[in-house]
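Because only heavy atoms are used, hydrogens play no part in the values below, and waters and symmetry mates are left out as well, while side chains stay in. When a ligand or atom number is given, it counts from 1 through the structure's own listing order.
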Amino acid sequence: MMRDDILLKLGDLKQGVRHEIQHRYVDVQGRKMTFSRFVVKTLRHLGQCVPPLAEAFEAEADTPCLHQLIGQFDRYPGMAMPHRMSCVESLKTWILQAEILIKPPETPQPRQRLSSTQQGEAPLNTKAVTTLGGIGPKMAERFSQLGIHTLEELIYYVPRTYLDYHQRKPIAQLSPGELVTVVGHVSSASASMLKNGKLALVKLTVFDGTGRLQASWFVGVHSPKRFAALKDQHEAKFPKGTEIMLSGQVKFQFGKLSMDRPAVEILTYADGEEPSAHMASSHSIHAGRIIPIYALTQGLSLRFLRTLIHQALTNHVNPQTLQDPLPERMRAQYALMPLHKALEAIHFPESMEQAEHARRRLVFDELFYLQARLALMKQRVQSSHDALVLGQKPDGLVSRFLQSLPFMLTGAQCRVFSEITRDFSRTEPMYRLLHGDVGSGKTVISCLALLMAVENGYQGALMAPTEILAEQHYRKFQQWLTPLGVKVGLFVGKHGQKIRKITRVELESGQIQVAVGTHALIQDDIQFEKLAVVVVDEQHRFGVRQRSLLKSKGLEEGKSPHLLSMTATPIPRTLAMTLHGDLDVSTIDELPPGRQPIVTKLTHSLREAYSMIAKQVVEGRQAYVVLPLIEESETVSAKAATTEAEHLQSQIFPHLRIGLLHGKLKPDEKQAVMDAFAQGQLQVLVATTVVEVGVDVPNATVILIMNAERFGLAQLHQLRGRVGRGEHASVCLLQTDSRNPETLARLQIMEETQNGFIIAEKDMEIRGPGELLGTRQSGLPDLILADLIQDREILEQAREAAFTWVGLHSKLTAENTECPPEDRALVSMITQKSEAAWQLISAG
Ligand code: ADP
Ligand code: MG
């Protein structure tokens, strides 16, 4: 049979399989015979005509062999559906592998093509995986499920883990349980039929001069005739003296060393002939070395994927096709492997150290480009030199404001404010992140920054993520600033046309000097007269785009306003570097004096919790009862909160005034409830997580968080920050029904510490960075290889390298000096990557 005929037969098989799947594995009746008969017949025919095909993949741990398949399809009519499905899956795998074997190997690229890369060999990210042998549309579909469409994606599909068959040992030194590779000569090959008449036990005995090892595995046969054929084949394949390599786990059974289902590779036939190229050799990629293990999808076998990746690496990855963008000196400085080497070694490492080394290079790359992008962003913002310089007068607004405050700034607040005024004194616009734990007093700092604008004759704006917060800031600012003669305006969505029009006009004319609001502030019709300072509160709730939109409101005069972003979500340093690597960071690491520590207590008992609340209320304090978001739905959660409020009112605290706050209330209703609570008219506030950020009612001293296990630690910390804001000692009760030790251990972290940074670190370790920030809107880049917990050190190095590099090159550009040739590849790579990022940001 010619190759083309075999391919045709394989095609028929594939079509039969499709048909059978469509008919839900009924063993569909074809024109001449049933599906299973057809498969058996075709496989037999293929096996007879092309012996190598019958054997090539035989005896391998993860590949069904022809005999097994034939046996399975003989029994197919009597099988239940799940078994039929798995038989069909095995058949599919076998067909695919047979196809690779039969298709001509890709001819290695001739020399001149290699060297002519620069003048136009298609880059790997434009070559589809289908250019490799053995991948048809169906297979391509499976690859796309793994996110692999191009050769580049294929070679960057890194192993999930490795199986170490690298250790090669003389048989005499083997001990049970170890994963090893043994090389020896076949001393006997045999097959015996089991009593059930359906399975054959195939054995190979290997001798390596130091000892004997027996390898064995089962093959389905079904009939004596087929058993006889198998036996013949097995003996013919492994004649005495054949040199083979076995990889697997060593066992000690019945006084003998053995291996079950090892990976077998033939090294040399007894007559000294090398096996054919297809049947691998001592350079096997499946045995005798460290073997990569990948995450798979249905219908894609490990062996197949491994073969393809190897093919792609061998034929398409070399220094010419894959130019390393990192210049030699950078690689030397950070001890990084060349790119093509790293890609080879991540898949087929010679040692685990080499694999680690390769991974380090690839992680460095990923983080380096990210940091380079941030460095460029920072540079773009700061290189404009178009900011308004803001100074402070001896008896100006700012100093009068400070005198009017009922408290002194803490040391940390003073330091942070001086960092801000230093930025204000420069022509590069400020781009600063203010980090401060809940209750550390960021509001006062934002007010000072805004006043700096007013003192210099400009306007300031503060944007908050919710109306509750915006109104709270508005009232606070009014209380602080009205006595100083500064006009504050509120911009929220709920305002009617009339009010909106008035405030808009006042803002445009500059009458309103400080604008406080929600997203309403970035609407198109909002114009400032002369905006100089922008503050974004709880900035993690906003996208980069919203931040820059507000900032752009100041551009009328051709001047950029200064930007202060504030966050109470203490984020671990590595995360901060990844997310806000383009911002300067200030930290308020000290709480105002006289704060009472919050006692946090885990409880299973609601009775206990309620009595704690009752006790505090009797003493004149107030309480929050917080319910988790249920099923990701604010509607369902609102219902749960309503039910809880009714329950408390009718059953537990009939004599108390209980309020209800959830996201489904109208803005006016929300505000009325918040006002009543702030003024002490309500004693207990039942709420969903809408109270999470910023809400400031110092008389509230107890917070009960129901089903605390449903919250992340960082979120619990935020919620806990609602209490402990006044002079009284406060309590945070974490109620949970869970008895799961891990869950309890996690919640106990809350009992142990009140330090937001420690909590954030732990939360990140437990849930991962994405969850910590609330995945999607977090703006966290999709890191494929890098792990922000494990790879801290690489991150620091990549950051240093990227910032240095960007600084150096901007200097070259500024001085009109030409870029050194060895840096050019990297320049274009970074430009490419950061342009994409810019487009993403400006597209929202
Ligand atoms: P957050 O950083 O969480 O936004 P706030 O700005 O709301 O915290 O401040 C929490 C409380 O602490 C407020 O009531 C605020 O007036 C008060 N506060 C801020 N700074 C000081 C200080 N230096 N001394 C005493 N109280 C302060
Ligand atoms: Mg705040």
Does the side chain of T503 pick up a donor-acceptor pair with the side chain of E506 at under 3.5 Å?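 No.
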Residue pair S565 / R432, side-chain donor-acceptor N/O under 3.5 Å: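 Short answer, no.
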Please answer whether the main-chain N or O of E619 pairs with a side-chain N or O of R621 as donor and acceptor at a distance below 3.5 Å. yes
Salt bridge (Lys or Arg N to Asp or Glu O under 4.0 Å) pairs, two or more places apart, involving residues 392-415: R415-E419, R415-D589
Any salt bridge between D675 and K670, counting N to O under 4.0 Å?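 Not counted as a salt bridge, because no side-chain N and carboxylate O are separated by less than 4.0 Å.
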How long is the span from the CG atom in L448 to the CZ atom in F417, to the nearest 0.5 Å? 4.5 Å
Any idea which atoms of ligand 1 are less than 4.0 Å away from a heavy-atom of [X]?
| X | result |
| --- | --- |
| S440 | 2 (O), 8 (O) |
| T410 | 23 (N) |
| R725 | 3 (O), 7 (O), 10 (C) |

Hey, does [X] come in under 3.5 Å of ligand 1, counting only N/O atoms on both sides?
| X | result |
| --- | --- |
| P592 | no |
| L409 | no |
| W480 | no |
| M408 | yes |

Minimum distance, heavy atoms only, to [atom]: which one of [options] is it?
| atom | options | answer |
| --- | --- | --- |
| atom 16 (O) of ligand 1 | E590, R722, M566, K476 | K476 |
| atom 7 (O) of ligand 1 | D537, L405, V697, T443 | T443 |
| atom 9 (O) of ligand 1 | G436, C414, G441 | G441 |

D537 versus H473, closest heavy-atom pair with distance: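 Closest pair (atom of D537, atom of H473, distance): OD2-NE2, 2.7 Å.
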Say whether P698 and ligand 1 are in contact under the criterion: heavy-atom distance to a ligand atom below 4.0 Å.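 For ligand 1, residue contact (heavy atoms, under 4.0 Å) with P698 is absent.
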Side-chain donor-acceptor pairs of residues 746-754 under 3.5 Å, sequence neighbours excluded:
unit_1 : atom_1 : unit_2 : atom_2 : d
R746   : NH1    : F711   : O      : 3.2
R746   : NH2    : E709   : O      : 2.9
R746   : NH2    : F711   : O      : 3.2
E751   : OE2    : L602   : N      : 2.8
T753   : OG1    : N755   : N      : 2.9
Q754   : OE1    : I598   : N      : 3.2

